[in-house]
Number of protein chains: 2
Amino acid sequence: MREFLRTKGFKMTPQRELIFKSFFAMGKHVSVDELYDKVRQQDSSIGYSTVWRNLKLICKVGLAEEVNLGDGVTRYDRATETPHGHFYCIDCRKLTEFGMDNIVGQLAIISRENDFVPSGFKIEIQGRCRACRDKRAGEKTTAESAEAQRA
Amino acid sequence: MREFLRTKGFKMTPQRELIFKSFFAMGKHVSVDELYDKVRQQDSSIGYSTVWRNLKLICKVGLAEEVNLGDGVTRYDRATETPHGHFYCIDCRKLTEFGMDNIVGQLAIISRENDFVPSGFKIEIQGRCRACRDKRAGEKTTAESAEAQRA
DNA sequence: TCGAAATTGAAAATCGTTTTCAATTGGCCG
DNA sequence: CGGCCAATTGAAAACGATTTTCAATTTCGA
Ligand SMILES: [Mn+2]
Ligand SMILES: [Mn+2]
Ligand SMILES: [Zn+2]
Ligand SMILES: [Zn+2]
């Protein structure tokens, strides 16, 4: 890692090392805050901006990319060998992944047909995960059928 | 329109009427600022928050939906009969649309296979549009081949 | 017409992101 | 080894789009 960064003109520091390690140790779709908290457990002197900057760096060198779901927080997703799409539960906001190898071909075709040179594909499927559907079903029978405020 | 809103429990006002009219008269993917400017040309007394609130309302009643591209501004896209995806040019940030009827079937299948009940699909293809590619080509030959700063 | 509920506009509050700046550190060079 | 310069860090402030607050006004059904 140190070497990898050096070739790109970046230096290694204790903070950076801890941040990188922690990021890759955590699950996918990590927010700055989440990583900040995590890192703080090891070294409470690390600043927020350092975490943020290194997350940006991780993206810049191609090891991750930002995921934006319109809910106000940017999440960082480790780069994967094969592209994947996201299921975004509109209730619990959990992200789940799925492969999209079969679809990528079609997206490439569509791009070509539209004289567009693609560099990346994003597929997001919104809906409800099993857990939230079950929870809803339970609540609906129990509670009144009045207006359920739009989640 | 007035009637449509009334049935949903909303009132009509001069401001609202102008905002709705203007929104649907403008092209797709309108931001609050853009609509605000547009509306102001007709009635310079309308407040920013009123425009914002009505844009939200338009979404709430299903006539449009927010589009988030991670560039900091939320855009509002008129609801279309058939779902469509977006080409997002990483140079000029222009959005172009494409139909995705053929792909929706597959996304539905993928969802079912993953025990996820979908309510919406989003496909975003990032890359470069023809205009920006041509522009780049021109610049590259003219200028030096030094490090092109990552756009 | 009356009044409750919705709407409006200005201003302020939010809040995640990004920048600033002085101090510190990493690592290449001699 | 030192020394030096660019990179990095941390705290704090700046940003900026979004959202809320609140008093005043308006809508529309009873
Ligand atoms: Mn992912
Ligand atoms: Mn669109
Ligand atoms: Zn869920
Ligand atoms: Zn372009």
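To find a chain, count down the sequence lines: A is the first, B the second, and so on, and within it residues start at 1.
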In whole angstroms, the gap separating C1' of dA10(C) from CZ of R53(B) amounts to 10 Å
5'-most contact on DNA chain D (nearest-nucleotide basis), L57(A) vs D33(B), goes to L57(A)
Touch class at under 4.0 angstrom, heavy-atom based, for Y48(A) against every strand present:
base
Proximity to the side chain of P14(B) - top-ranked nucleotide from dT8(C), dT18(D), dT27(D):
dT27(D)
Rounded to whole Å, CG of N68(B) lies from C1' of dG16(C) at a distance of 13 Å
Atom-to-atom span, CG of L35(B) to P of dT18(D) - whole angstrom:
12 Å
Among the nucleotides dT20(D), dA11(D), dC28(D), which one has an atom lying closest to any side-chain atom of S49(A)?
dA11(D)
What is the distance, to the nearest angstrom, from the CD1 atom on I46(A) to the P atom on dT25(C)?
14 Å
Are R78(A) and E65(A) within salt-bridge range, i.e. N to O under 4.0 Å?
no
Kindly indicate whether the side chain of N54(B), heavy atoms from C-beta on, has any atom under 4.5 Å from the side chain of F20(B).
yes
Ignoring the backbone of T50(A), work out which of dA10(C), dT9(D), dT17(C) is nearest its side chain.
dT9(D)
Between K11(B) and dT8(C), is there a side-chain N or O to OP1/OP2 distance below 4.0 Å?
no
Could you tell me how far apart R16(A) (CZ) and dG10(D) (P) are, to the nearest whole angstrom?
11 Å
Integer-rounded Å distance: dT18(C) P and E66(A) CD
7 Å
Can you check whether Q15(A) has a side-chain N or O nearer than 4.0 Å to OP1 or OP2 of dT8(D)?
no
Closest nucleotide of DNA chain C for F10(B) versus for Y36(B): which of these residues is on the 5' side?
F10(B)
Could you tell me whether F23(A) and Y76(A) have their ring centroids closer than 6.0 angstrom?
no
T74(A) side-chain N/O to dG16(C) phosphate OP1/OP2 under 4.0 Å
no
R130(B) bridged to D115(A) by N-O distance under 4.0 Å:
yes
Modelled atom types, side-chain donor and acceptor of S45(B) and D43(B), under 3.5 Å:
yes
Hey, is the side chain of N54(A) poking within less than 4.0 Å of OP1 or OP2 on dT8(D), counting only N and O atoms?
no
Base, sugar-phosphate, or nothing: which does S45(B) touch, judged by heavy atoms less than 4.0 Å apart?
sugar-phosphate
Could one point to a donor on the side chain of T13(A) or the base of dA7(D) with an acceptor on the other under 3.5 Å away?
no
How many Å lie between CH2 on W52(A) and C1' on dC15(D), as a whole number?
12 Å
How many whole angstroms separate atom CD of E34(B) from atom P of dA17(D)?
12 Å
